[in-house]
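Taking it in order: structure first as structure tokens, then the write-up.
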Amino acid sequence: MTERPGKPKKPTWVIDKERARRAAAAETVWLFGLHAVRDALANPRREKLRLVVTQNALDRLGDLHGMEPEITDPRIFGKAVPLAPDSVHQGAALEVKPLKWGGLSDVVLREAAGERRPLLVALDRVTDPHNIGAVLRSAEVFGARAVIAPARHSAPETGALAKTASGALERQPYLRVPNLAEALSQLKGMGFTLIGLDGTGDKTLPDLLGSLPGRAVCLVLGAEGPGMRELTVKSCDHVARIPFAADFGSLNVSNAAAVALYAASMA
């Protein structure tokens, strides 16, 4: 009697992908600080799980949008929620699921209405959540449609990122894509001009933007130190520099993004 063959074993890469998908589905984030918590509570897109507050923070939060708070003593707040000891939580913490913005093309088209110059930001291997939070805040202020970053080499949503973003995380799409080079290629197909920012650029950013009136633009910035990867640079249509008053000058990535976004919004 012959044995019936068993069920074919799944390849390792399939198993790893399924595990990653299950882990992502189970992932939650603790947001903290009055501003970040207040904006998340007001965001209908945000799946909210647990709100822990002191009485003083509850009095200052205002509308809880249907959330039932857990009120705790400020002396034991650090034991009630899993936050880092140095978190400036102001007595408010909210457990949430990460936001789901949808695919790149969906976001770009959905956010298109009413803009003079369609504008995006792409970040290559920027891993500091404070830098990304600051970029999200500038992107919202200057009318960018989204901030794009590679999923494996960028900061995920964290409480520190949300607090630095000062509410922008709830309104400004933050898309972590599987492959940044492929995303940039997709943007080219959608009519965006890709401008990498680097001190070695032949043109200054204002001069380059002036030669591209009305064009949809994606500003591409690399991590401090290593900058953009070679493949990312090759994906760009232009590489430009931010002009400095002296022979030498440098900005961290969040400050460079703010300056570049301002220049693009005014061009």
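One-based numbering along the sequence shown. Only a predicted model underlies this, so the values are computations on that prediction, with no experimental measurement involved.
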Checklist entry - Is M266 linked to L209 within one hydrophobic cluster, defined over Ile, Leu, Val, Met, Phe, Trp and Tyr using a side-chain heavy-atom separation of less than 4.5 Å? => result yes
Nearest heavy-atom contact between V107 and W101 is CG2-O, 3.4 Å
Check: If Ile, Leu, Val, Met, Phe, Trp and Tyr residues are connected whenever their side-chain heavy atoms lie under 4.5 Å apart, and connections chain through other members, are L231 and I195 in the same group?
Finding: no
Only residue of L58, D59, L64, L94 satisfying side chain to side chain contact (heavy atoms under 4.5 Å, CB included) with V53 is L58
Taking every heavy atom of R241 against every heavy atom of D198, the minimum-distance pair comes out as CB-O, 3.2 Å
Practice prompt. Consider only side-chain heavy atoms of I, L, V, M, F, W and Y, link residues closer than 4.5 Å, and tell whether W30 and L41 are in one cluster.
Written response: no
Carboxylate-amine/guanidinium contact D39 R171, below 4.0 Å:
yes
Shortest non-hydrogen pair, A80 vs T72, comes out as CB-OG1, 4.2 Å
- Query: Is the backbone of R229 close enough, under 3.5 Å, to the side chain of D124 for a donor and an acceptor to pair up by distance?
  - Reply: yes
So does K100 get a backbone contact from the side chain of R45, meaning a donor-acceptor N/O pair under 3.5 Å? yes
Q: Ignoring hydrogens and angles, tell me if any N or O in the side chain of R145 forms a donor-acceptor pair with the backbone of V108 under 3.5 Å.
A: yes
Sequence neighbours excluded, the answer for ring pair (Phe, Tyr, Trp, His ring centres under 6.0 Å) partners of F77 is H89
CG of L219 to CD1 of I148, rounded to nearest 0.5 Å, is 10.5 Å
Heavy-atom nearest pair, K188 first then D237, reads CE-OD1, 3.4 Å
task: Give the cluster check for Y262 versus V121: same hydrophobic cluster or not, with ILVMFWY residues linked at side-chain heavy-atom distances below 4.5 Å.
output: yes
Smallest heavy-atom separation, Y174 atom then S154 atom, equals OH-OG, 3.7 Å
query: Ignoring hydrogens and geometry, is there a side-chain-to-backbone donor-acceptor pair from E27 to P98 under 3.5 Å?
result: no
Of all heavy-atom pairs linking S254 and N131, the shortest is OG-OD1, 3.3 Å
Interatomic distance, NZ@K163 vs CG@L34, rounded to 0.5 Å, equals 8.0 Å
Notebook entry, point to check: Do side-chain atoms of T164 reach the backbone of A160 as a donor and acceptor pair under 3.5 angstrom?
Noted result: yes
